[in-house]
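A short worksheet on the structure shown next.
All chains are named by letter (A, B, ...) in the order of the sequence lines, taking the proteins before the strands, and each is independently numbered beginning at 1.
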Amino acid sequence: MTEERYEFTAGAKKKIFILGAVGIVLLIIGVFMAKSGGHAEEAGHALNTIEETSLLASADENTIVSNSEEAHGEEGEHHESAPWLKRIFSNLWINNVYFTGLAIIGLFFITIQYASQAGWSAGMKRIPLAMASYLPLAGIIMLVSWFAVKADVFHWTHSTLYAEGTDTFDKIINGKAGLWYWPLAKGSFPIFYVARMVIFFGLWYWFFKLIKDHMLAEDLEGGFDHWKKARSLSAIFLVIFAVTSSVSAWDWVMSVDPHWFSTMFGWYMFASWWVNGLAFITIVVVMLKQKGYLKVVNSNHLHDIGKFIFGFSIFWAYIWFSQFLLIYYANIPEEVVYFIERISSSNYAWIFYTNIILNFVLPFLLLMTRDAKRHMSILMVVCPIIIVGHWVDFYLMITPGVMKTDGAFGLIEIGMFMVFLALFIYVMLHNLTKSLLVAKNHPMLEESLHHHI
Amino acid sequence: MQVTSPLRETLITKGKTVHDITEDICRQVEGKPTKSWMIGMAISLGILAIGAYAVFALLWEGIGVWGMNKTVGWAWDITNFVWWVGIGHAGTLISAILLLFRQKWRMSINRAAEAMTIFAVICAATFPMFHMGRLWIGFYWALPLPNAFGSLWVNFNSPLLWDVFAISTYFTVSLVFWYIGLIPDFATIRDRATNKISKAVYSALSFGWDGAAKTWMRYESVALILAGLATPLVLSVHTIVSMDFATSVIPGWHTTIFPPYFVAGAIFSGFAMVLTLMLVTRKVFKLEDYITIYHIELMNIVIIITGSIVGVAYITEFFIAWYSGVPYEQYAFINRAFGPYNWAYYTMMTCNVIAPQLFWFKKIRTSIVSTMVISIIVNIGMWFERFVIIVTSLHRDYLPSSWVMFYPTKYDVGVYLFSFGFFFTAFLLFSKFFPVLNMAELKSIVKSSSEKK
């Protein structure tokens, strides 16, 4: 078969730059609006906030173990940044986690295909590979921005929490501090935490590199050896990912609400990452097809990945619901406060329900029929819904913990997302040009070409 | 045209033809019962008789004959219930989920696995009924019947009631799925039958199957629809079983990871039981060319995956108990690892987490003896998992004055034996009178996946 290569045209680059530039402009306008404007709104909002704070406080009073926590929480406020800056930091962190997810899911998708000996996907594997090439950048941005945002996003980084005998001492956070500070003193430099972040990205990137090298060498040399080696590497990666995905969920997202805990959380974040990654792969495949590339991918392959999106949207909802129901049903104060913060606050209540509609109701209904999964036009409706939907999901995981009742949704959120999206797409498309668009020597390619369902 | 990648291993060895399949599988249905079958049946009936005595004593005397006490209100009964329900997951997983994933290797094992599912679910259902003590009023307690006894209704908020709905739905769909798959094979046996009785019986069982193209089309579409229905059901059953525990506020029970972790554990134990049964069946019925070492290897890989998921869940639970800072939660897990039931905990850990990891070695996962041993170890481990969750969490409750140990009586053992007796009797009857492999489906892959002579 002919060698197919993607050409990153000047027109495409221009569009990405416009996306990023508009994002920056919106971000700047958003910051100005947050700093100055909207006083009339703020007044009404403030009234709301007072009520809600008291509601939350009363929810917390019932907390058996953690009744001391809110007191220092209030005091903690004054050495934290202004709300608009906190909001930027919060968004920075949301996008860090979100786009890291897209990158690592690129690799996860490939390794799952190898490990399960899937044939159908042989023609589209270069797209997740290109997505995963964002990994090193994701790691650098995350590490750098962690130091910028830590005081506002990660409450546990405040050393005053660990000063025994003072008002600010927090018994619960002190009890788990070893997870972040070991072997150093509590409240000093969180070396264990930072080391984990570096090691995780290092491991992920290392396996990405190893697997990618085999994939590209196969283009030149053919044969089955590279496929088999990539398969063994994939199995090892999946074991590593099983642990690192959960631990990174605890580190990067669950610890934003440092008192709260849920055993499901690791798998919840994975479910969100995974279905989002599938939707992103699909959108790129469809867009490439619309530009005339990827002739080898036809409606049968789209049907398969569409089934994945459908199935894993349900899976996400299953994980979401299981976590929610069990916490709601048992109604234990230290757990249920997490959902009270999100449902009983007018800032987040509508987002809370939007999240379920975007990530479950709409994909479920829209992708129900066989035809829906086979038509590019419907996939181009559902996939953006999911991609926005899971951003909202991460917004909801992180913002209430950072902003408490000051959370907002506006131009800052939209602008920052666009900037990151532009960067991600640029890196992905740039890497897509570096290899063949279709792995011509893939041992499953022939099977995939004749795939018919 | 269907293409099979040269990478794929053959699923049927020694160049069996379509006719060979019919001969090899009909042989034991048409022939006289073998000696080994008779011995197996005699042992099973013996166990069933001993068990039946225990059940009779239980129903006559009441559940006081069991070893439960006021602190440990659930013990072997619910342990056995969850254990059997878990085993009842593999069949539908193999036939439904692997069908959706187009895994051809399922065709050699799905029939027996589904039969196993049905018998296991029946065994499971007996335990909650026995636990009610008075079987005859069980219907009023379990089903939402009109209020014949005044204004009392079943408690719709209780996951125990959800269990009734989930398991009965699952049972019905599994039974229909299994039976529909059997119809073409019954027709084959009917057409070959030489004596009048078997001709009459199998033609009644085969519902007038005529093998027309239209009939096959309907057969295939109904299989797909049932697979789609059965997939969420497989997940729902163990999800709801897990909620029997997780909706409570008992430390060690209330944890959000339970639903998916129970499902993974169920598939894990189900596959172990399928392996145990199939290794014997393939030997006794000489089906080595259909259930090849490759099939065994793939099932062992499923064991590694699900065993690892379960392992990650154990670690997560332990970690979050520490992380939560809740003293009761922490104690529950310290008590598991260092309390008087720590032998059960370490049995569980060794059997479920360490033993399956041996399958990473190709030598071990392709060896029949080691597979047999590990599959039994996993079954033991999964029984202990439920025992640890149930008894260890209960025996030291919030009131140290009521801390006790649980000691099973001979009736606890006897009723458990009863379920074994029933299970093996039913499975032996099935394997004698029904075709143990799906002939019709196997024939469909002879062309693509059979070893060329």
Using non-hydrogen atoms only, which part of [X] is less than 4.5 Å away from chain B: side chain, backbone, both, or neither?
{"X": "A/I319", "answer": "side chain"}
{"X": "A/N174", "answer": "neither"}
{"X": "A/Y318", "answer": "side chain"}
{"X": "A/V239", "answer": "side chain"}
{"X": "A/S255", "answer": "both"}
{"X": "A/L179", "answer": "both"}
{"X": "A/W260", "answer": "backbone"}
{"X": "A/L325", "answer": "side chain"}
{"X": "A/A115", "answer": "neither"}

What are the two closest heavy atoms between [X] and [Y], and how far apart are they?
{"X": "B/T256", "Y": "A/S262", "result": "OG1-OG, 2.6 Å"}
{"X": "B/L7", "Y": "A/M444", "result": "CD1-CE, 4.1 Å"}
{"X": "A/M264", "Y": "B/P260", "result": "CE-CD, 3.4 Å"}
{"X": "B/W322", "Y": "A/G175", "result": "CZ2-O, 3.4 Å"}
{"X": "B/P6", "Y": "A/F224", "result": "CG-CZ, 3.5 Å"}
{"X": "B/P259", "Y": "A/L326", "result": "CD-CD1, 3.7 Å"}

Got a second to check how far [X]'s [atom1] is from [Y]'s [atom2], nearest 0.5 Å?
{"X": "B/Y323", "Y": "A/I172", "atom1": "OH", "atom2": "CD1", "answer": "11.0 Å"}
{"X": "B/T239", "Y": "A/F321", "atom1": "OG1", "atom2": "CZ", "answer": "10.5 Å"}
{"X": "B/S324", "Y": "A/H259", "atom1": "OG", "atom2": "NE2", "answer": "12.0 Å"}

So do [Y] and [X] actually touch side chain to side chain, heavy atoms under 4.5 Å?
{"X": "A/W267", "Y": "B/V312", "answer": "yes"}
{"X": "B/N157", "Y": "A/Y329", "answer": "yes"}
{"X": "A/F315", "Y": "B/L235", "answer": "no"}

For the interface with chain B, which of [options] has the highest count of heavy-atom pairs at distances below 4.5 Å?
{"options": "A/L238, A/I453, A/N331", "answer": "A/I453"}
{"options": "A/S116, A/P443, A/A118, A/S322", "answer": "A/P443"}
{"options": "A/F324, A/W250, A/W227", "answer": "A/W250"}

- request: Take atom CZ of A/F339 as the centre, draw a 6.0 Å sphere, and report whether it contains more than 12 heavy atoms from other residues, nucleotides or ligands.
  value: yes
field: Interface residues of residues 241-252 of chain B facing chain A - non-hydrogen atoms under 4.5 Å apart
entry: B/M243, B/A246, B/T247, B/S248, B/V249
- request: With chain A as the partner chain, list the residues of residues 94-104 of chain B whose heavy atoms fall under 4.5 Å from it, by residue number, and write 'none' if nothing qualifies.
  value: B/F101, B/R102
- line: The interface call for B/I305 against chain A, heavy-atom contacts under 4.5 Å, is neither
message: For B/V302, which atoms come within 4.5 Å of any heavy atom of chain A: side chain, backbone, both, or neither?
response: neither
task: Examine the side chains of B/Y261 and A/T263 and answer whether a donor and an acceptor come within less than 3.5 Å of each other.
output: no
- prompt: Is it true that the side chains of B/Q2 and A/H451 contain a donor and an acceptor less than 3.5 Å apart?
  reply: no
query: Within the side chain of A/E447, is there an N or O that forms a donor-acceptor pair under 3.5 Å with the backbone of B/T4?
result: no
